[in-house]
Every structure is written in structure tokens, then in C-alpha cells.
2 protein chains.
Amino acid sequence: MLSNACKYAIRSVLYLAIHSNELKKIGVKAITEELETPQPFLAKLLQQLSRDNLVSSTKGPNGGFFLSDIDKQNTIWNVIESIDGTDKFDNCFLGLKKCNGENPCPVHFIVVPFKETILADFRDKTIEKYVASMEGTRQVITLKDLDSF
Amino acid sequence: MLSNACKYAIRSVLYLAIHSNELKKIGVKAITEELETPQPFLAKLLQQLSRDNLVSSTKGPNGGFFLSDIDKQNTIWNVIESIDGTDKFDNCFLGLKKCNGENPCPVHFIVVPFKETILADFRDKTIEKYVASMEGTRQVITLKDLDSF
DNA sequence: TGGAAAAAAGACATCATTATCTTTTTTACT
DNA sequence: AGTAAAAAAGATAATGATGTCTTTTTTCCA
Ligand code: FES
Ligand code: FES
């Protein structure tokens, strides 16, 4: 469904939402250590997210990445748009040209409710709200931050 | 989720289940035209399925692929095992090392019910039953076979 | 003002998936 | 027996995703 790149990106954004702010920036190195992702690869992804104004960054000593309050008003969906594009969400699970209820493949009516649920989650919640709801249910984005809340 | 290869394979098997039998074999060319898949690529996949006894075939004039009654007792899950392997079904949707309810990622409780539903569908229904239930609900595996039932 | 820290940018390398091409084997039919 | 049809097998190519390396730019701080 999502590429590795996109998974890394989403977890990075959530990580930054939880652990960073304008006053506490985090370097690529620290992020990759936490998320256990390849370092230069994640750097590229963060550059991309930065270009699309989904994360903020400053160069130089004590620089690093962080999420501003404005950044936190974006959604996971925006991250997916930036890294993977969202086309694939329209594809049929079994590879039919079109996914629709008129000519449904055998798993269509299993897949669509799932897709709608997760899509609503990604599209309608801001990063800020996303993180808030994670705290409530003790969900994690890295095994290392089990005790972060 | 599934690779293109696996999607092609699943649709081929279902296609053969519907349209072929010991007396009516179908060549690669005809199948690829129906399913709109790359011809030599699908040939490879059918070879693989044949090696794993998921489809039957005969060489020579009037030869081709078909599903025997025994073949129809297999499942979609067997096809996935043969082409993609089933490891990825255990992976976390957001790329965590492990997917489990103790350290769930933010979408874990959305993904798991879907996975269980579709997995049950793939694992517990024989191809034969699968096709039978398709007929009931007018589901398709190619836009071309809308009028096949 | 010089040096170091960090992101940004660009070029390059590796790998798996996807796809094609060619040759061989089997088999039916004349 | 000879020929043609079809799958089987093996070699090769193209593509995109993944990952790395090097250089440049920006910025802080001493
Ligand atoms: S038609 Fe296949 S998932 Fe909708
Ligand atoms: S932990 Fe992510 S899907 Fe289960």
C-alpha cells in the first residue's frame, strides 16, 4: 500500500510532532536512530517534506527539523501526497482497471470500507489531533518511544 | 499489498476456474487478452503456478491451461504463497518492526480487522466456493467478462 | 572573521520487480 | 515420420524503489 519511503516519512512527521518544537529541533541523525531508518534516505525525504512545507528546518549549528504549530495543522494525507502521491488509493486491490461498485472485483466490498476508514483518518485529522489521539490510546511509532508520553 | 504479479496470478486462476475445465483448455495468449496483462510475464506466472500444482496444463496442439476439480480445492491463499509469499501480511502498515496489539501503531486497530477479514476470505474458501460466491454477487475479474455468468 | 554544524542539493549505486526474448520440450494431428 | 502448436525453461533487459556518497549552502558561535 504505502512505500517504505512514505512509511518513513509518516513516522518522521509524527515523531517530530511529538518530540520537537520551534525551540527543540532534531537532526536527521537522531531521527533515524529513533525510527531505525536509513540515514541518507530519510534525509532526502525530509528535504522533500520541507520543500512542501510539511516540516520546518533550520540549517547551521543547533539546526535541525521540527514541526511548527502551523505544520501541525497538516494531515497524514498531505504527507502521502508529497511522497507517494495518492493515486494508488483509487486502484483495485486485484488489479482491475477501475475500482468501482458497478463492476466490483471479488474483494471490493471488503476493501472499500477499510479504505474509507483509513482515508478518513488520514485526511480529516490534523497531525496535532492525530498525536493527541495517540496519547489517549498509547500508540507508538517506534519501539523506542514506549515511554515517551 | 499484493504485487502486480500476484494480482495477475489470482485473476488468472479465477478466470480459469470460471472458463476452463479438463475439456476446455485455454492458452496464455487468450488469457492475457482477457485479463489485459503482459503476455510473457503471465506465462512465467502460470509456469510457477503449474509447478506448485495450482493450475494444470498440457503442451502441444490444443494444449493450454485449465483448472481440474482438484485444482479448484486450493485457495487464493495458496496462490499468494506461490507468487508473493505471505510474509508481508504480518507487517505493520506503517513500517514498525512488529505488528501487534501491545505496541500498536496509530492505524493498527483499523488495519487488523481488515486484514483478518480478507485473510479469512483468501484462506478459508476454496477456489470453487470463491467462484460460486462471485456468481451470486455478480463480481468480476475482468471488464470483458461482464456477461460470463 | 573563521570554523564547525547542519540541512540542501545533486550525482551515483544497488536491488527487486516487471517485462521480454530465445531456445527447448512435449504432443497432437496429418 | 514430419510439422505445427503450445507450454517450459532460461537468459536478458527495462524500470522504479531504495539507498549512499559528495559537494554546496546556510548559520551559529567563538
Ligand atoms: S474493484 Fe477491486 S477493490 Fe474495488
Ligand atoms: S502495529 Fe502497525 S499495523 Fe499493527
Side-chain angles (χ1 to χ4, degrees), chain A residues 1-12 16 20 22-33 35-68 71 80 82-85 87-88 91 95, chain B residues 1-12 16 20 22-33 35-68 71 80 82-85 87-88 91 95:
Chain A
M1 199 82 181
L2 300 173
S3 68
N4 284 343
C6 202
K7 292 175 185 175
Y8 297 160
I10 291 171
R11 291 200 289 133
S12 297
L16 288 173
S20 79
E22 280 91 329
L23 301 175
K24 190 187 169 201
K25 295 155 194 168
I26 306 182
V28 182
K29 203 175 175 188
I31 302 175
T32 61
E33 276 165 14
L35 302 186
E36 304 180 74
T37 59
Q39 198 262 331
F41 192 48
L42 185 60
K44 281 287 167 207
L45 297 171
L46 288 168
Q47 278 175 38
Q48 172 67 29
L49 294 173
S50 178
R51 269 194 294 274
D52 287 345
N53 298 309
L54 298 171
V55 305
S56 303
S57 67
T58 59
K59 294 179 177 181
N62 296 315
F65 294 93
F66 64 98
L67 256 65
S68 69
D71 294 334
I80 296 173
S82 172
I83 303 296
D84 270 358
D87 292 1
K88 69 173 73 158
N91 293 158
Chain B
M1 197 81 178
L2 300 172
S3 67
N4 284 344
C6 201
K7 292 175 184 175
Y8 298 159
I10 291 172
R11 291 200 290 134
S12 297
L16 288 172
S20 80
E22 280 89 333
L23 302 174
K24 191 187 169 201
K25 294 154 195 168
I26 307 181
V28 182
K29 203 174 173 186
I31 303 176
T32 61
E33 276 165 13
L35 302 187
E36 303 179 78
T37 60
Q39 198 263 332
F41 191 52
L42 185 60
K44 281 287 166 205
L45 296 171
L46 288 168
Q47 279 175 36
Q48 173 66 29
L49 294 173
S50 179
R51 270 194 295 274
D52 287 345
N53 299 308
L54 297 172
V55 306
S56 302
S57 68
T58 60
K59 294 180 177 181
N62 296 315
F65 295 92
F66 64 99
L67 254 64
S68 69
D71 293 334
I80 298 173
S82 174
I83 304 296
D84 270 0
D87 292 1
K88 68 173 74 158
N91 293 338

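Just so it is clear, the values below take in all heavy atoms, side chains as well, and ignore hydrogens, waters and symmetry mates. Each chain gets a letter, A, B and so on, in the order its sequence line appears, and its residues count up from 1.
- Note: CG (B:L46) to P (C:dT20) measures 15 Å, nearest angstrom.
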Throw together a table of side-chain donor-acceptor distances under 3.5 angstrom for residues 42-49 of chain A, partners on residues two or more places apart or in other chains.
{"from": "A:Q48", "atom 1": "OE1", "to": "A:R51", "atom 2": "NH2", "distance (Å)": "3.0"}
{"from": "A:Q48", "atom 1": "NE2", "to": "A:D52", "atom 2": "OD2", "distance (Å)": "3.1"}

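- Side-chain atoms of B:D84 come within 3.5 Å of backbone atoms of B:S3 as a donor-acceptor pair (strictly under, hydrogens ignored).
- A search for side-chain contact (heavy atoms from CB on, under 4.5 Å) contacts involving A:K29 returns A:E33, not counting sequence neighbours.
- Look at CD on B:E36: it is 18 Å from P on C:dT18, rounded to the nearest Å.
- Put simply, OG on A:S50 and CZ on A:F65 are 6.5 Å apart, with the number rounded to the nearest 0.5 Å.
- In this structure, A:T58 and B:G64 both approach DNA chain D, and ranking their closest nucleotides by distance from the 5' end singles out B:G64.
- Rounded to the nearest 0.5 angstrom, B:I31 CD1 and B:S12 OG are separated by 6.0 Å.
- Put simply, CG on B:D52 is 18 Å from P on D:dA7, counting in whole angstrom units.
- Residue A:L54 contributes atom CG, which lies 17 Å from atom C1' of C:dA7 at whole-angstrom precision.
- Atoms CZ (B:R51) and P (D:dA7) sit 15 Å apart, rounded to a whole Å.
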Per-nucleotide protein contact string for nucleotides 12-26 of chain D, where B marks a base within reach and S marks sugar-phosphate only (heavy atoms under 4.0 Å, - for neither): ------SBB----BB
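- Two residues, B:N62 and A:N62, neighbour DNA chain D, and the one matched to the more 5' nucleotide by heavy-atom proximity is B:N62.
- When the C1' atom of C:dA7 is taken as reference, atom CG of A:L45 falls 14 Å away, rounded to whole Å.
- Atom CD in A:Q48 sits roughly 17 Å away from atom P in C:dA7 (whole-Å rounding).
- B:I83 places its CD1 atom 13 Å from the P atom of C:dA19, with the value rounded to the nearest Å.
- A close approach under 4.0 Å does not occur between any side-chain nitrogen or oxygen of A:S57 and OP1 or OP2 of C:dA6.
- Residues forming a side-chain contact (heavy atoms from CB on, under 4.5 Å) with B:S68 (at least two apart in sequence, or on another chain): B:E22, B:S56, B:F66, B:I70, B:D71.
- With sequence neighbours excluded, the residues satisfying side-chain contact (heavy atoms from CB on, under 4.5 Å) with A:N4 are A:K7, A:Y8.
- Judged by distance alone, with hydrogens and angles left aside, B:Q47 brings no side-chain donor or acceptor close enough to the base of D:dA7 to form a pair under 3.5 Å.
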